[in-house]
Amino acid sequence: MPNIKSAKKRVLVINTKTAQNRAAKSALKTELKKFDAVVAEGSKTEAEAAYKVAVKAVDKAAAKGLIHANKAAHKKSQLTIKLNAIAE
């Protein structure tokens with residue numbers, strides 16, 4: 001445990017930020033799982049709506065620094081491939 005007052009504060013702030021990052025990352029994973037579930041059903045219109053939500057979530061995560069920009073681009077590419085694979 002730190003002895004200096006500023007170091008004690010940093011520990012508290014880091015714990016708060018860690019919890020926020022975990023929650024945001026969990027929310028991102030949830031949106032991606034929802035998209036995968038809709039794609040498994042095979043409904044093109046529902047999949048397109050879920051795709052928009054999932055891509056927005058990926059972009060927000062990249063903007064917050066939760067995931068790297070290249071990983072976000074790769075993830076969006078994977079989502080697009082899954083969406084395009086659905087036959088109407």
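Residues take their numbers from the sequence shown, with the count starting at 1. Scope of the values below: all heavy atoms of this structure, side chains included, with no hydrogens, waters or symmetry mates. Since the structure is predicted, the reported quantities are computational estimates derived from the model, not experimental observations.
The two atoms that bring Glu31 and Ala54 nearest to each other are O-CB, 4.4 Å, heavy atoms only. When every heavy atom of Ala24 is checked against every heavy atom of Leu66, the shortest pair comes out as CB-CD1, 3.3 Å.
Screening residues 56-71 for side-chain hydrogen bond (donor to acceptor under 3.5 Å, both in side chains), with sequence neighbours left out, gives Asp59-Lys76. Within the structure, side-chain hydrogen bond (donor to acceptor under 3.5 Å, both in side chains) pairs that include any residue of residues 20-30 do not occur (at least two apart or interchain).
Residues Ile67 and Phe35 share a single hydrophobic cluster, defined by chaining ILVMFWY side chains whose heavy atoms lie under 4.5 Å apart.
Interatomic distance, Gln78 CD to Leu83 CG, rounded to the nearest 0.5 Å: 13.5 Å. Note that the NZ atom of Lys34 and the CG atom of Asp36 stand 12.5 Å from one another [nearest 0.5 Å].
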Leu79 and Leu32: side-chain contact (heavy atoms from CB on, under 4.5 Å), yes or no, with the steps? CA-CA 9 Å; Leu79 295 173; Leu32 295 176; 4.0 Å; yes

Step-by-step side-chain contact (heavy atoms from CB on, under 4.5 Å) determination, Leu28 to Val58: CA-CA 7 Å; Leu28 172 64; Val58 169; 3.8 Å; yes

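Taking a 6.0 Å sphere around CG of Leu12, one finds it holds more than 12 heavy atoms contributed by other residues, nucleotides or ligands.
Side chain of Ser77 to backbone of Ala73: no donor-acceptor contact under 3.5 angstrom is found.
Checking Asn84, Thr80, Val38 one by one against Tyr51, the side chain to side chain contact (heavy atoms under 4.5 Å, CB included) holds for a single residue, Thr80.
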